[in-house]
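Here is the structure we will look at, set down as structure tokens.
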2 protein chains.
Amino acid sequence: MKDLQLNSNAMLPLRDVVFQTLREAILTGDIEPGERLMEIHLANQLGVSRTPIREAIRKLELEGLVVMTPRKGAIVASITEEDLKEVLEVRVVLEMLAMELACKKINGEQMDGLKRALKEFQDVIDLDDPNKIASKDEAFHDCIYQATGNSKLMNLLNNLREQMYRYRVEYIKDISSRHSLVEEHILMIEALEKRDIASGTSVIKTHILNQQERIIQNLRKEKAIHGSK
Amino acid sequence: MKDLQLNSNAMLPLRDVVFQTLREAILTGDIEPGERLMEIHLANQLGVSRTPIREAIRKLELEGLVVMTPRKGAIVASITEEDLKEVLEVRVVLEMLAMELACKKINGEQMDGLKRALKEFQDVIDLDDPNKIASKDEAFHDCIYQATGNSKLMNLLNNLREQMYRYRVEYIKDISSRHSLVEEHILMIEALEKRDIASGTSVIKTHILNQQERIIQNLRKEKAIHGSK
DNA sequence: AAAAGGTATTTTGAATACACTGTACAAAAA
DNA sequence: TTTTTGTACAGTGTATTCAAAATACCTTTT
């Protein structure tokens with residue numbers, strides 16, 4: 001486990017700061033799947049008492065990021081290929097729903113935002129900074145989610161996306177796929193401009209399925225490496 | 001607030017017992033939307049200390065059943081018509097996905113279970129016991145969820161269904177709709193037997209949309225009553 | 001050397017204690 | 001009468017303490 005440090009948003013209760021800190025640490029891989037989350041240890045490391053740590057862990061538990069076994073404590077949940085398939089199966093239909101709703105509801109301002117997001121994505125696509133690319137990609141999709149006007153849907157999609165966050169950066173390193181990402185984003189914008197639900201949903205579907213392919217390949221690779229140790 | 005009592009599953013940690021207890025109390029309406037959840041009060045009422053209460057509230061918070069405001073505490077979240085529409089918008093596509101997967105994957109044993117569930121549903125449909133009817137209805141749909149083989153999807157659907165749990169019993173009191181419920185369930189079984197995805201998804205779609213209609217009507221009625229007080 | 005058992009240590013579970021904040025109510029000033 | 005300010009109280013936020021369970025380690029026995 002890397003050294004952790006509190007995200008110090010001074011106004012929030014400590015438990016929320018701890019929650020965000022741990023969450024990010026898990027999603028970025030600073031704390032690895034299978035690793036134990038020990039309360040005293042974390043409390044010392046973050047300079048707080050066990051209470052906020054415990055409350056943060058309760059939330060992580062419900063989010064599925066950690067697995068609790070009573071009287072033994074929490075470990076970081078590990079994602080199997082099966083899990084990933086299940087998540088993506090769900091994600092595809094929700095992304096299609098989001099695209100459909102966005103096609104119906106998107107307004108000029110949101111359209112502009114989307115184009116800006118595309119531009120920023122293109123600007124970083126050839127840089128050697130997977131983190132930045134990933135974050136611009138997310139920003140693009142966030143614009144679409146926003147346009148749906150359905151906050152529940154946004155929540156769910158963010159949560160589902162989060163589940164594969166750990167593998168996100170890895171698959172972006174696969175240079176060959178980057179330009180097809182841009183292509184697909186352009187197609188999405190075109191569909192949204194024409195309010196063409198059929199083609200919009202079709203594009204997003206292949207977009208996600210492509211992603212699935214690559215992520216699962218990476219997962220297998222990683223597993224092979226890890227397994228051979 | 002009605003008198004609460006712990007669901008005393010002796011083996012689970014107290015925090016989980018408290019969590020389940022509070023959750024059920026919220027979903028059944030024993031604790032009403034807008035009501036404050038005061039830690040000391042709940043602790044006294046349930047005969048435990050504040051610690052497990054707080055940890056339970058953290059989980060309820062993440063589930064969206066309570067809303068926290070820092071230094072003021074938690075209140076039970078109230079569901080607006082808008083919220084309900086958003087939930088149903090999502091639920092429709094997930095129910096359709098579930099039906100599609102079930103059509104593809106359901107096996108003989110599961111099919112038998114489904115028919116049993118239908119039979120039990122029919123057995124109670126004319127009784128004057130909305131709770132029982134509701135639970136048999138749930139059992140039927142659970143069979144379908146089970147057949148999808150996608151645990152993530154099951155989780156999500158259970159959670160979405162839960163969000164309208166409070167209005168469930170009310171709308172079942174509407175006698176006229178009961179028999180169309182049975183009709184629709186029969187149609188679903190037929191579709192599953194023929195593995196006819198198109199008709200299966202179409203039936204479930206109208207099933208949910210009908211439900212939406214009735215629930216929203218009830219919501220308006222309830223609001224009118226509540227508003228006039 | 002391997003297995004079994006017992007003790008010490010670590011860690012979680014729950015309760016309690018203390019600190020801080022917001023709110024309500026009352027008293028004083030305008 | 002209205003506004004302001006101060007004080008008491010109620011409730012949350014965090015830390016600490018105590019209890020019980022799990023784990024690790026060491027000893028003993030076969």
Side-chain angles (χ1 to χ4, degrees), chain A residues 1 4-23 25-26 31-77, chain B residues 1 4-23 25-26 31-77:
Chain A
M1 190 195 307
L4 298 180
Q5 216 171 347
L6 284 183
N7 291 349
S8 70
N9 283 21
M11 293 294 93
L12 269 66
L14 269 183
R15 58 163 182 274
D16 290 327
V17 182
V18 171
F19 174 62
Q20 289 173 7
T21 304
L22 290 180
R23 188 169 184 237
I26 292 173
I31 312 181
E32 290 179 14
E35 202 168 331
R36 277 184 80 180
L37 292 179
M38 282 186 300
E39 297 170 2
I40 302 176
H41 190 232
L42 290 173
N44 292 337
Q45 200 163 4
L46 299 178
V48 300
S49 81
R50 278 175 60 209
T51 310
I53 303 281
R54 287 174 64 84
E55 297 188 353
I57 290 179
R58 295 304 152 256
K59 297 218 256 179
L60 294 170
E61 181 191 359
L62 205 73
E63 225 181 22
L65 290 177
V66 310
V67 177
M68 292 286 313
T69 50
R71 308 214 156 273
K72 286 193 60 178
I75 64 169
V76 176
Chain B
M1 191 193 305
L4 297 180
Q5 216 173 347
L6 283 183
N7 291 350
S8 67
N9 282 22
M11 293 294 94
L12 269 66
L14 267 184
R15 57 163 183 273
D16 290 328
V17 181
V18 172
F19 174 61
Q20 288 173 7
T21 303
L22 290 181
R23 189 172 184 232
I26 293 173
I31 312 180
E32 291 179 14
E35 203 168 330
R36 279 183 76 180
L37 292 179
M38 283 185 299
E39 296 169 3
I40 302 175
H41 190 232
L42 290 173
N44 291 337
Q45 199 165 3
L46 299 178
V48 300
S49 81
R50 279 176 59 210
T51 309
I53 302 280
R54 286 177 63 83
E55 297 187 353
I57 289 178
R58 294 304 149 256
K59 297 218 257 180
L60 294 170
E61 181 191 356
L62 204 74
E63 226 180 22
L65 290 177
V66 309
V67 177
M68 292 287 312
T69 51
R71 302 218 156 270
K72 284 196 61 177
I75 62 170
V76 176

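Keep in mind the model is a prediction, meaning the values are calculated, not measured. Each chain gets a letter, A, B and so on, in the order its sequence line appears, and its residues count up from 1.
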- prompt: Is a donor-acceptor contact shorter than 3.5 angstrom present between the side chain of R50(B) and the base of dG13(D)?
  reply: yes
message: If you assign P70(A) and P52(A) each to the DNA chain D nucleotide with the nearest heavy atom, which residue ends up on the more 5' nucleotide?
response: P52(A)
task: Check the distance between dT16(C)'s P and L14(B)'s CG and give it to me in whole angstrom.
output: 12 Å
field: Least distance between heavy atoms, E32(A) atom then V76(A) atom
entry: O-CB, 3.5 Å
task: Just do the side-chain contact (heavy atoms from CB on, under 4.5 Å) check on L22(B) and L42(B) with the steps written out, would you?
output: CA-CA 9 Å; L22(B) 290 181; L42(B) 290 173; 4.1 Å; yes
statement: From the list L12(B), I53(B), L60(B), T51(B), side-chain contact (heavy atoms from CB on, under 4.5 Å) with V18(B) holds only for I53(B)
query: Once you round it to whole Å, what is the distance between C1' of dA14(C) and CG of L46(B)?
result: 14 Å
- prompt: Within the pair R58(A) and dG13(C), is there a side-chain N or O less than 4.0 Å away from OP1 or OP2?
  reply: yes
message: Counting only side-chain nitrogens and oxygens, does S49(B) get under 4.0 Å of the OP1 or OP2 atom of dA15(C)?
response: yes
query: Under 4.0 Å between a side-chain N/O of R71(B) and OP1 or OP2 of dC20(C), yes or no?
result: no
task: Answer with base, sugar-phosphate or nothing: what part of the nucleic acid does R15(B) contact at a heavy-atom distance below 4.0 Å?
output: sugar-phosphate
- prompt: If you take all heavy atoms of K59(A) and L62(B), which pair is closest and at what distance?
  reply: O-CD2, 3.2 Å
Proximity to the side chain of K72(B) - top-ranked nucleotide from dT23(C), dT14(D), dT11(C): dT23(C)
query: Between atom CZ in R36(B) and atom C1' in dT12(D), what is the gap in whole Å?
result: 9 Å
task: Measure from CG on L12(B) to P on dG13(C) and round the result to the nearest Å.
output: 11 Å
field: Rounded distance in Å - CD (E39(B)) to P (dG13(D))
entry: 6 Å
- line: Checking dG13(D), dA15(D), dG13(C) against the side chain of T51(A) (C-beta onward), the nearest is dA15(D)
- request: Could you check how far CD1 of I53(B) sits from P of dT16(C), rounded to whole Å?
  value: 13 Å
task: Name the nucleic acid region contacted by I40(B), choosing base, sugar-phosphate or nothing; use a 4.0 angstrom heavy-atom cut-off, strictly under.
output: base
- prompt: Quick one: E55(B) CD to dA15(C) C1', roughly how many Å, whole number?
  reply: 12 Å
- prompt: What are the two closest non-hydrogen atoms of R50(A) and I40(A), and how far apart are they?
  reply: CD-CG1, 3.8 Å
Closest listed nucleotide, where the reference is the side chain of V48(B) and the choices are dT12(C), dA15(C), dT14(D): dA15(C)
- prompt: Whole-Å distance between dT11(C) P and N44(A) CG?
  reply: 10 Å
